[in-house]
Amino acid sequence: MPAGGFSSVTPAGVEFEAKITPIVIITCIMAATGGLMFGYDVGVSGGVTSMPDFLEKFFPVVYRKTRNPGIDGNYCKYDNQGLQLFTSSLYLAGLTATFFASYTTRSLGRRLTMLIAGFFFIVGVVLNAAAQDLAMLIIGRILLGCGVGFANQAVPLFLSEIAPTRIRGGLNILFQLNVTIGILFANLVNYGTAKITGGWGWRLSLGLAGIPALLLTVGALLVVDSPNSLIERGRLDEGKAVLRKIRGTDKIEPEFLELVEASRIAKEVKHPFRNLLKRRNRPQLVIAVALQIFQQFTGINAIMFYAPVLFNTLGFGNDASLYSAVITGAVNVLSTVVSIYSVDKVGRRVLLLEAGVQMFISQVIIAIILAFKVKDHSDDLHKGFAILVVVLICTFVSAFAWSWGPLGWLIPSETFPLETRSAGQSVTVCVNLLFTFVIAQAFLSMLCHFKYGIFLFFSGWVVIMSIFTLFLIPETKNIPIEEMTERVWKQHWFWKRFMDDDEVAAVTNGDIAKKNGHANGFDPTSQL
């Protein structure tokens, strides 16, 4: 999925004493509503753009095509740059906002950044629900995108820092789980509002995004900032008090001292983005960027953005198309839960490779069915074939949701070394949003020109990413982050050639600033 989040992991891999306190659970649930908001925005656009009243008001050309199939073929009736801009503008705005969020997350704190995100979400929702013309609609989506940029930076980082080490992974995936729940919620809302007569159903769909927006804003007002953030900003006593409160114990000195030391080391790295380009950091950077590109070229967002439109194109009625989108949304949620339980048992590579086979087979069979059954000016997709297409799309979605969805974020978060982790994750988020925008803006035009071949196009990419996984992505299951260099990169048949022993030793000993002649300083972009 788009911009799911990332994790901040304790560098020393030590298990500190901590209770799972009610304040931690409540805080994490409130913060994770940022994922709910993001998921709702992803899911709502596809349903709304398949509603006749919405199309008639904002996209009359597309409306005429859908009313009169003879004007254009089945595959081209939704091919409209403005319609695609309605969906994709959110991700372009999110990409731009990421750069500002990187600064506010460091200098103002995680909590205030979440509050800024909530403000953007609320204003964007109001503009969308009250939209009178296309400009107002797009401005609303851009403001929602700004909210996405701020929330996707602050929320996952906040969750990782608040949670005790032993449940950090599960609580971090809570954000991704909330994204999938948000998509399902949007699909259910669209299914209901599509039946409203009077032409205002789409306003209700867009307006109900205000519920998760308000939850996030209220949550940000009620929660405390993370100890990491307070210490990072020099508020040591306050950070220590919050740490004692959230851990439910007075024995916090070892963890507190490690947070202070981690903050000191991070401040010594004056140019984290420049460090990313060094030879020893190339394997992590290449894998992080490749994972984000591959994640989008599975075709998942094309299906999740435009599921109702896609099912409509295949000849389903409007009701049936929204109903089918609800089914795929439910499969997405359940399969994400599967990943929470399986990722540390079977490993990352097994999930990625198994999913590659599953996604490839389902996409090829869908392409074959559509090639023979859905022509430009006929939709001879009988009930049996229609059900089969839905089953195959669910098979595809489930494979993605327990593999490339969460792992596209998890693997970068656990492979970057401490001194480049924040910069590396910033690059990860930016690349993800950029390619999310590209796919969102291009998909309906690609569907028009490629027709059933769109599924063959994405299946070809699945083959490429599976080969990349087989040869170039190492297994990181149950390996502490501080041992990643010795046990993963130095042992890998290809990446070991990028590991320079002298440089690695300098990093391990915390002598980064001395080695590169950096004076103590702090780059505004060095912390997300």
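Just so you know, these numbers come straight off a predicted model, no measurement behind them.
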From N152 atom CG to L95 atom CG, the distance as rounded to the nearest 0.5 Å: 12.0 Å

Sequence neighbours excluded, the answer for side-chain contact (heavy atoms from CB on, under 4.5 Å) partners of L334 is none

Quick one: ring-ring contact (aromatic ring centres under 6.0 Å, His included) partners of F86, sequence neighbours excluded? F54

Quick one: does S335's side chain have a donor or acceptor within less than 3.5 Å of a partner on N332's backbone? no

Got a second to check how far Q296's CD is from I439's CD1, nearest 0.5 Å? 7.0 Å

Partners of S445 by side-chain hydrogen bond (donor to acceptor under 3.5 Å, both in side chains), sequence neighbours excluded? D79, Q81, Q84

F396: partners by ring-ring contact (aromatic ring centres under 6.0 Å, His included), with sequence neighbours left out: none

Got a sec, which residues hit ring-ring contact (aromatic ring centres under 6.0 Å, His included) with F100, two or more places apart in sequence or on another chain? none

Counting only N and O atoms by type, is there a donor-acceptor contact under 3.5 Å from the side chain of R280 to the main-chain atoms of M499? no

Option passing side-chain hydrogen bond (donor to acceptor under 3.5 Å, both in side chains) with Q292 (candidates N432, T428, T436): N432

Among pairs that include at least one residue of residues 281-300, which meet ring pair (Phe, Tyr, Trp, His ring centres under 6.0 Å), considering only residues two or more places apart or in two chains? F294-F468, F297-W461

For E354, the side-chain hydrogen bond (donor to acceptor under 3.5 Å, both in side chains) test, sequence neighbours excluded, returns W402

Note: L115 and T217 closest approach over all heavy atoms is CD1-O, 3.6 Å

Holding to side-chain contact (heavy atoms from CB on, under 4.5 Å), I want the full list of residues that pass it with V189, two or more places apart in sequence or in another chain. Y40, F185, T193, S205, L208

What are the two closest heavy atoms between P227 and G239, and how far apart are they? CB-O, 3.7 Å

Partners meeting side-chain contact (heavy atoms from CB on, under 4.5 Å) with S89 (sequence neighbours left out): L85, I138, R141, I142

Can you name the residues that form a ring-ring contact (aromatic ring centres under 6.0 Å, His included) with F150, not counting sequence neighbours? F120

Using the salt bridge (Lys or Arg N to Asp or Glu O under 4.0 Å) criterion, which residues pair with R348? Sequence neighbours excluded. D344, E414

Non-neighbouring partners of I181 that pass side-chain contact (heavy atoms from CB on, under 4.5 Å), sequence neighbours left out: L36, L177, V333

